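Note that this is a predicted model, so its numbers are computed, not measured. Within every chain, numbering begins at 1; the chains are lettered A, B, ... in the order of the sequence lines, protein sequences first and strands thereafter.
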Amino acid sequence: MQVRVQQEGFDLGAESDGFAARVSGVGAIVTFTGVVRDADAGGLVAMEIEHYPAMTQKALEAIAAEARARWSLADALVIHRYGRLAPGERIMMVATAARHRKHAFEAAEYLMDYLKSRAPFWKKEILTDGRAGWVDAKADDEDALSRW
Amino acid sequence: MQVRVQQEGFDLGAESDGFAARVSGVGAIVTFTGVVRDADAGGLVAMEIEHYPAMTQKALEAIAAEARARWSLADALVIHRYGRLAPGERIMMVATAARHRKHAFEAAEYLMDYLKSRAPFWKKEILTDGRAGWVDAKADDEDALSRW
Amino acid sequence: MDVVYFAWVRERIGVPREQVESEAATVTDLVAELSAREERYAAAFSDLSSLRVALDQELSDFEAPLAGVREVAFFPPMTGG
Amino acid sequence: MDVVYFAWVRERIGVPREQVESEAATVTDLVAELSAREERYAAAFSDLSSLRVALDQELSDFEAPLAGVREVAFFPPMTGG
């Protein structure tokens with residue numbers, strides 16, 4: 001299991017290859033990559049991601065360990081960035097590997113749902129017109145946790 | 001949209017990077033990779049994948065086009081191999097890109113469910129003890145289609 | 001018309017493809033005609049619920065008419081992915 | 001104990017971290033104590049339903065006791081991923 005919290009970018013291809021090369025006996029590998037997209041109203045200059053360094057690594061490891069146990073994953077990977085990111089930059093990725101596709105998909109969605117609402121990150125959108133605002137947590141994201 | 005049916009292997013990292021580089025305006029990229037895993041009872045020497053060349057490309061394109069329209073995907077990728085594969089080799093991959101993670105995940109699962117039961121591929125397991133047998137379609141896989 | 005077979009259907013019938021002269025109106029009629037010709041067809045077509053059919057490379061069903069069809073394919077349920 | 005703030009809570013209070021001397025028994029007591037001290041705390045803590053609290057880097061709740069706790073963190077609902 002690998003959990004990394006970092007400011008620098010990551011290489012999606014190399015991470016995917018490395019993850020796939022490390023697992024054996026699996027039939028299914030799922031990756032999810034989160035990308036900074038433009039604000040819903042447009043005009044995004046940057047996304048600033050703040051986190052709680054003393055807590056982040058520990059919180060992500062607990063989430064990944066829970067997913068791994070629950071779906072008997074062969075392995076799980078979580079990478080999450082912080083700092084200032086431009087539109088189109090990759091924010092984070094997860095990867096899961098399991099014998100069956102349903103388990104790999106479910107575990108990846110579980111990781112994403114928990115990262116969204118239980119990992120100590122906060123996003124601020126910086127807009128072209130000079131405004132800036134913290135992204136509100138969505139009720140949908142909180143509700144998503146209830147399915148697990 | 002890219003759909004490829006091929007005998008040779010594919011480079012998961014390069015395909016993931018290439019796909020991610022081609023899409024813009026998205027927030028979520030999901031990939032699924034299928035790997036030849038050992039038979040449930042063990043002893044798999046090879047998996048032979050037969051297909052219906054005149055139909056395969058067309059069937060995969062129809063499935064990918066339906067997924068793309070249904071979830072407003074920015075793009076979709078399907079690669080599926082045929083021929084003789086050893087345990088641990090990659091059989092196929094799909095990738096989806098959408099604004100929101102739920103759509104990217106659902107579309108990838110839809111692609112997989114339809115590839116499993118509606119794309120003209122058949123798998124034969126060659127075992128160490130000399131036996132060989134066609135993999136039966138699972139009722140579960142057929143049932144999975146009813147959720148879409 | 002051309003008739004093509006895949007996976008264990010191909011193995012039981014013994015050829016991957018053949019030309020068939022037939023006036024069969026539907027797939028079911030064609031299946032009955034072939035099964036009456038030789039045992040290997042009867043064996044391959046003994047349980048239609050375990051077979052699928054495609055007409056000109058489109059999934060179809062056993063009641064479909066064959067008029068104008070150039071290629072009929074018989075195979076077991078697909079196992080892609 | 002150390003008290004740390006993130007996102008708009010940090011911005012309203014004006015510092016990311018401070019040492020607080022307090023005999024508060026629970027998080028709610030600490031919030032009341034700080035809110036009584038200065039307006040900026042009252043503003044940041046005006047709606048507890050929009051706040052989350054972690055004690056020694058573990059998510060907790062406002063009724064939790066503070067005995068033995070070294071670091072209290074206040075922040076809005078998380079938006080990772």
Side-chain angles (χ1 to χ4, degrees), chain A residues 3 5 32-37 39 47-64 78-82 85 90-94 108-125 132-145, chain D residues 1-20 22 26-27 30-31 34-35 39-81:
Chain A
V3 171
V5 183
F32 178 94
T33 307
V35 179
V36 180
R37 63 163 194 275
M47 174 83 85
E48 284 179 1
I49 302 179
E50 178 172 339
H51 78 124
Y52 182 0
M55 179 175 171
T56 315
Q57 181 80 21
K58 198 161 73 165
L60 295 183
E61 283 176 5
I63 293 169
V78 176
I79 300 172
H80 205 302
R81 297 175 66 189
Y82 58 88
L85 280 72
R90 292 165 201 160
I91 305 173
M92 49 73 61
M93 77 172 284
V94 303
E109 292 190 65
Y110 173 94
L111 284 174
M112 288 309 304
D113 285 350
Y114 271 82
L115 289 184
K116 280 274 168 195
S117 304
R118 291 291 182 273
F121 292 96
W122 300 273
K123 292 180 182 140
K124 190 176 200 170
E125 292 179 333
W134 293 97
V135 174
D136 281 328
K138 295 192 189 70
D140 276 6
D141 284 335
E142 187 63 31
D143 293 348
L145 299 186
Chain D
M1 74 191 93
D2 287 316
V3 185
V4 297
Y5 310 105
F6 294 97
W8 59 254
V9 183
R10 172 178 54 70
E11 291 177 337
R12 283 195 204 167
I13 289 175
V15 294
R17 163 183 293 269
E18 60 189 331
Q19 270 236 315
V20 170
S22 166
T26 66
V27 178
L30 176 63
V31 163
L34 290 168
S35 297
E39 176 52 30
R40 59 194 170 105
Y41 293 103
F45 295 137
S46 63
D47 175 14
L48 292 189
S49 74
S50 67
L51 283 185
R52 299 290 178 270
V53 62
L55 301 181
D56 290 334
Q57 300 93 43
E58 293 277 356
L59 272 181
S60 188
D61 62 76
F62 287 85
E63 297 318 309
L66 289 175
V69 169
R70 281 163 304 177
E71 186 171 277
V72 181
F74 292 104
F75 43 77
M78 294 157 274
T79 54

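Scanning residues 72-81 of chain D against chain A with a 4.5 Å heavy-atom cutoff picks out D:A73, D:F75, D:P76, D:P77, D:M78, D:T79, D:G80, D:G81, ordered by number. Scanning residues 113-122 of chain A against chain D with a 4.5 Å non-hydrogen threshold yields A:L115, A:K116, A:S117, A:R118, A:A119, A:P120, A:F121, A:W122, sorted by number.
For the options A:K138, A:R81, A:H80, heavy-atom pairs under 4.5 Å to chain D are most numerous at A:H80. Top candidate by heavy-atom pairs under 4.5 Å with chain D, chosen from A:K123, A:E142, A:M92, is A:K123.
Of the inter-residue distances, the one linking D:F6 atom CZ with A:H51 atom NE2 reads 8.5 Å to the nearest 0.5 angstrom.
Of all non-hydrogen atoms in D:Q57 and A:K58, the two that sit nearest each other are CB-NZ, 3.6 Å.
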Exercise for the section: Test side chain to side chain contact (heavy atoms under 4.5 Å, CB included) on D:W8 and A:K124 and set out the steps. Expected result: CA-CA 9 Å; D:W8 59 254; A:K124 190 176 200 170; over 6 Å; no
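Without hydrogens or angle criteria, A:E50 side chain to D:A7 main chain gives a donor-acceptor distance under 3.5 Å.
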